[in-house]
Each structure stands twice: as C-alpha cells, then as structure tokens.
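In the text below, chain A, chain B and the rest are named by the order of the sequence lines, each starting its count at 1. All values below come from the heavy atoms of this structure, side chains included, with hydrogens, waters and symmetry mates left out.
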There are 2 protein chains.
Amino acid sequence: MDQRTGTGLPASFELAWGVREQPNKGPKRGLSLDRIIATAIAVADAEGLRAVSMGRVATELGAAPMSLYRYVATKDELLTLAADAAYGPPPDVPLPGEDWRSALARWARAERDGLRARRWILQIPISGPPTTPNAVAWMDRALRCVEGTGLDAGERMGVLLLVTGFVRSNVLIESQIVEAMEAAGQPAETRLDGYGKRLAAVADRARFPALHAVIDTGVLDEESGDENEDFDFGLDRVLDGIEALIGTRSLRP
Amino acid sequence: MDQRTGTGLPASFELAWGVREQPNKGPKRGLSLDRIIATAIAVADAEGLRAVSMGRVATELGAAPMSLYRYVATKDELLTLAADAAYGPPPDVPLPGEDWRSALARWARAERDGLRARRWILQIPISGPPTTPNAVAWMDRALRCVEGTGLDAGERMGVLLLVTGFVRSNVLIESQIVEAMEAAGQPAETRLDGYGKRLAAVADRARFPALHAVIDTGVLDEESGDENEDFDFGLDRVLDGIEALIGTRSLRP
DNA sequence: CAAAAACTGCGTAAGTGATACGCAGAAAGT
DNA sequence: ACTTTCTGCGTATCACTTACGCAGTTTTTG
C-alpha cells in the first residue's frame, strides 16, 4: 500500500485527501482507513501513545494486524494520519475585518487547546513537513491571518513556523511537567515538594547562580494559579516580535 | 538500578551528577556509565536514534545487554543521559559586560549548532523537565543572560523556555525538511521538485488560498541560499518580543 | 460464460527489542 | 571463614512490526 502516484504522497495520505480512486475489484472492504484511524485515536486517548500498536488497533477492530497493511504502509504512516485527524479542522480565522494579531492569537490558542486535549500527538515521530489535510488546513489559516501585513511569502511562512513551534513547544514542556507530577507518586518519604527542590539537591549553588536565584523564589516548585499564564507570556512575546517586524513595513491591516 | 534517594532522581542521574557514592563491594566493574553513554551516542551519530538499542550498545561494548541494567534502569533513562552528554557543556555566556540580547542570541545559536550536529537528540522521548547536568547548566547560562533586566524569576524562566523552545522547534522543522529531501530518492518519474508542488497536487486552490499564494512564490520548493535565514528570522522576532517586554521595565543592563 | 486480474483478510513466520529472573563468581566487610 | 554486596550475563518471556503467500471475493476482459 505504498503506491505513490503523481502526488508523491503515500497512498493512504491520498485517501485522507480524498484524491485517490477507490478500487473497483475484489471483495467488499470490511475495514476502512477512517475506522482504523479513529480506533488508533481512541486507544491513544484512553491509554496513551505507547498503547497504540498495529496489534492493538486490529484487536479493537476485530481484525488481524496484517489486514491494516492494506490501508497503511507502516505504523508511522498510521500515526501521522491519526495525529492529523486528531488535530481536526482549523479554527475559523481570521474573521472578516479581524486584525492579524487577534486572529493569530486565536489560532495559537486553538492549536494549544487541541494539543492539550491530546498530548500524545506531540510524541509522534514526524518525518517530514506537513502533507496531511488538516495540518495543511491549519497552515493555510495561519497564513491568512498575516496576509496583507506587508510580509512577503517567506516571512509569512516564518511567522507560521514561529507561532506553531512556540505552541507545540509550550504544550510539550507543560506535558513534561504534568508527567513528572504524575510520576511523583513515589514513596512518600522520598518525595520532594517540587522540581526546584530536586534541582537544588544536585545543582551546586556556586556553579549555577542564576538557576538558584530562580529556585529561591519558589517558582519552580509550584504550579502557577493560572494555567494560561506561561502560554500567554510566551505568546505575547512572540506576537510583540512579529508586530515589531510588521511595524517596519509601514503597512497595517 | 532505580534506587532513588534523597535527591529524588534516578540513580544513574545521580551518577551523572557525581553525587552518588561508588559501591565499595563486589567485583571490579568492567563497564561504566560514561562508556555506556558514549557508546550510545556513537551509535546514534553513526546510524541514527533507531539503531540505538540495549542489545546494540552492549554488542559495541563487548558485553551482554542485561549488564547495562546495572547502570541504567531503562532504555529511556539511557537515552536521556545520552542526550545530555551529547548536548555538552553550555557556551560561555554572558561575557562580562555583554548585553542580554547579544548573549542570549549566542546561547541560542550554540544550542542550534549542537542540535544540528546531532539531530537525533530531538527524537528522544522526554518524560519530565530537565534534571541532568548539562541541561541544567544550559538553563543556568540562559538565565544569567537575562539577569539584571528587570524581569522577575517567572519571566526569566518564561524567556528561557521561549528561546529554547524556538531553537528546538526550528531545528526540528529543518530536520523534517532534510529528511524529506533525503527520502526523495524515489523513482525519478514520480519525484516532484519540491514540497510546495506536492502540496499543490492535493490542496485545492479555492480551499487554501493563502497557502497557494505562498506556494506560487516558490519558497516552498527550494532551500533558501542561506541556511541561517529562517533561524535568524525567528530568533530576531523572539528577541524583539523580549526586548519589548524589557523596555516596559525601564531597566537596562 | 470462463478466465484473468485485482483486491481483501489473515495465517504463519521471522526478526528484533526490552527487560524479568536468578545463577555463579568476585570483592569487601565483619 | 562467613556474610553481604555487587557484577556480568544466560535464559526466558512477552510484545511488536512486517514479509510472504494462500484462499476467497469481485470486477473486467475476451
């Protein structure tokens, strides 16, 4: 099922795009790519990415693992498609008359929401630039937000990569913290109060003065009350930086 | 070998930090954590991350796979330590009297250089915030760059996360492109000239107008002549955004 | 209508990988 | 000398991905 045709994409991707003709010979299919993908997502949602194996997905479908290979060439391919479907369609941005900053911020928040709901997406090894339908749709929407700002095509792409990179990075780091806190179900007498204290136990104060200055304030030992604070901080910096660039173009939407 | 003590870190991490006492009974060790880590790195450097297995590392060391478990509790632990060692020590920033922006930019570039030399680092699943020696050292150095700028501890951490997130994301995206180009060794007659063309073959122009506007310019079909261009663009945006924030603090280094 | 072609599902199998368990021997402590 | 701790590793289990090919289904072709 790795029959690449004129599009250069794997056949399963063409299926996802709806540009591949259905076979017209052979028995009726008992499976479908959509069902396989949906099942992979359900397993990941319930038990995390590591639980997603070809065998597991097949079992959930009441099929044999090898039959999945009629639809996807490799497990990696299935995971890529699962991530794409899990992303879902992009937000409706920009609204008519909406300024670029507001639109892009909404886009970023929507991506963040989606990733936080399905953190396993970020664990999927990616082996190429986005070529799946939803990923591409999200790209288009972000690019629309910065059209008419005076940025050239390369810069618009740069902005897209910057913002999406920030979002994914932010959620990834948050996920790491969430995971560490869940893993903190260690024997009670060995459990430290937080990350900062753990660091302080091994990191020499004389050698890491700036880090200790931060640890001493306690910010590394507790979650901030507002779960959006870190994200908003970073997003504002990014948008400020983009705004500075757009300002140099003397063009406003 | 998952004997957590007062630091709350895995024993192998304590070894990496040099805060774990060496056992004083039993036969002389034929292996060492450093050698195991170095071997894992050598394999990853030569053949990529997927080639790194406990069996492969053991074979390279002339040992049995199970003996590695005297030193690390899991393969994930080994990979985390390998990534840390591969990162190496941080750059010497800030220089005396160096302004925050220059220092932070140098820090970012150094991280980028390291990651580009060893792209496999970005493929390692990470399951918690940094607790290994070099990672922590890099953190400290970045924090030093923004000390004295008027940012509070939380904001300094936010800046660190923003910059490192940007660097890693930038290199990851670049790696995806590099990988796709290497994978483009497909049958010649099915090979398109570039990513943009592949997208154009499936992405409907009416549905994705902003994306097509970018594709039409050709920027998605060729590598830019300057391999630093994308990175510098993003870094400048990020630094501009941070600069805007620091400006509101009315404090200058 | 029969044969050929294409397709579907899946049984069997091979190879690989991570890691649990426990043995035997080495070295230090009592 | 005996006990304790540690090291290396043989054996084994379980799980996973995917190659190969068989048998049956369905459409197309002559």
Side-chain angles (χ1 to χ4, degrees), chain A residues 1-3 5 10-12 14-15 20-36 39-40 43-44 47-82 123-125 127, chain B residues 1-3 5 10-12 14-15 20-36 39-40 43-44 47-82 123-125 127:
Chain A
M1 182 25 122
D2 188 21
Q3 307 300 330
T5 60
S12 64
E14 290 182 342
L15 273 179
R20 184 174 179 88
E21 294 195 358
Q22 295 291 340
N24 54 14
K25 287 185 187 178
K28 289 193 197 298
R29 295 183 150 197
L31 296 172
S32 73
L33 185 59
D34 287 344
R35 279 184 65 213
I36 295 170
T39 302
V43 173
E47 298 171 47
L49 192 68
R50 285 193 176 183
V52 182
S53 67
M54 303 305 271
R56 179 63 193 282
V57 174
T59 297
E60 295 291 322
L61 288 164
M66 292 307 298
S67 51
L68 301 192
Y69 289 92
R70 300 289 188 193
Y71 299 83
V72 292
T74 62
K75 180 187 167 183
D76 279 350
E77 208 170 283
L78 171 59
L79 292 182
T80 301
L81 289 169
Q123 293 163 12
I124 292 176
S127 65
Chain B
M1 178 28 114
D2 189 19
Q3 307 300 329
T5 62
S12 64
E14 289 182 341
L15 273 179
R20 185 177 178 84
E21 294 194 356
Q22 295 292 339
N24 55 13
K25 287 187 188 177
K28 289 195 196 303
R29 293 183 152 200
L31 297 172
S32 73
L33 184 60
D34 287 344
R35 280 184 65 213
I36 294 170
T39 303
V43 172
E47 300 172 46
L49 192 68
R50 283 193 178 184
V52 181
S53 67
M54 302 306 269
R56 179 62 195 282
V57 174
T59 297
E60 295 289 322
L61 288 164
M66 291 309 298
S67 52
L68 302 192
Y69 289 93
R70 301 289 188 192
Y71 299 84
V72 292
T74 63
K75 180 187 168 184
D76 279 350
E77 208 170 282
L78 171 58
L79 292 182
T80 302
L81 289 170
Q123 292 162 16
I124 293 177
S127 64

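Among all heavy-atom pairs drawn from B:Ser32 and B:Tyr71, the shortest one is CA-CE2, 3.9 Å. The minimum heavy-atom distance linking A:Leu81 with A:Ser12 is given by the pair CD1-OG, 3.5 Å. What you find for A:Val52 and A:Ala40 is that their closest heavy atoms are CG2-O, 3.7 Å. For B:Arg70 against B:Arg29, the heavy-atom pair with the smallest separation is O-NH2, 4.3 Å. What you find for A:Thr39 and A:Arg35 is that their closest heavy atoms are OG1-O, 2.8 Å.
We find that CG of A:Leu49 is positioned 13 Å from P of D:dC16, with the value rounded to whole Å. One can place OH of A:Tyr69 at 15 Å from P of C:dG11, the figure rounded to the nearest angstrom. Computed from coordinates, the A:Leu68 CG to C:dG11 C1' distance equals 15 Å when rounded to whole Å. Rounding to whole angstrom units, CZ of residue A:Arg50 and P of D:dA15 are separated by 16 Å. Distance CG (A:Leu79) to P (D:dC16): 13 Å, rounded to an integer number of Å. Distance, B:Arg29 CZ to D:dC9 P: 13 Å, rounded to whole Å. If you measure from atom CG of A:Leu31 to atom C1' of C:dC10, you get 11 Å, rounded to the nearest angstrom. Between the CD atom of B:Glu77 and the C1' atom of C:dA18 there is a distance of 14 Å, given to the nearest Å.
Applying the salt bridge (charged side-chain N to carboxylate O under 4.0 Å, His left out) criterion to A:Asp76, with sequence neighbours excluded, gives B:Arg50. In this structure A:Met54 satisfies the side-chain contact (heavy atoms from CB on, under 4.5 Å) test together with A:Leu68, A:Tyr69, A:Val72, A:Lys75, A:Leu78, sequence neighbours excluded.
The side chain of B:Tyr71 places an N or O atom within less than 4.0 Å of a non-bridging phosphate oxygen (OP1 or OP2) of D:dG8. Between A:Ser67 and C:dC10 there is a side-chain polar atom (N or O) within less than 4.0 angstrom of OP1 or OP2.
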Requested in this report: Could you run through nucleotides 20-29 of chain D and give me one letter per nucleotide, 5' to 3': B if any protein heavy atom sits under 4.0 Å from the base, S if only the sugar-phosphate is that close, - if neither?
Outcome: BB--BBBBS-
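Sorted by first and then second residue, the side chain to side chain donor-acceptor pair (under 3.5 Å) pairs involving residues 58-67 of chain A (not counting sequence neighbours) are A:Arg56-A:Glu60.
Heavy-atom distances under 4.0 Å link DNA chain C to no residue of residues 51-62 of chain A.
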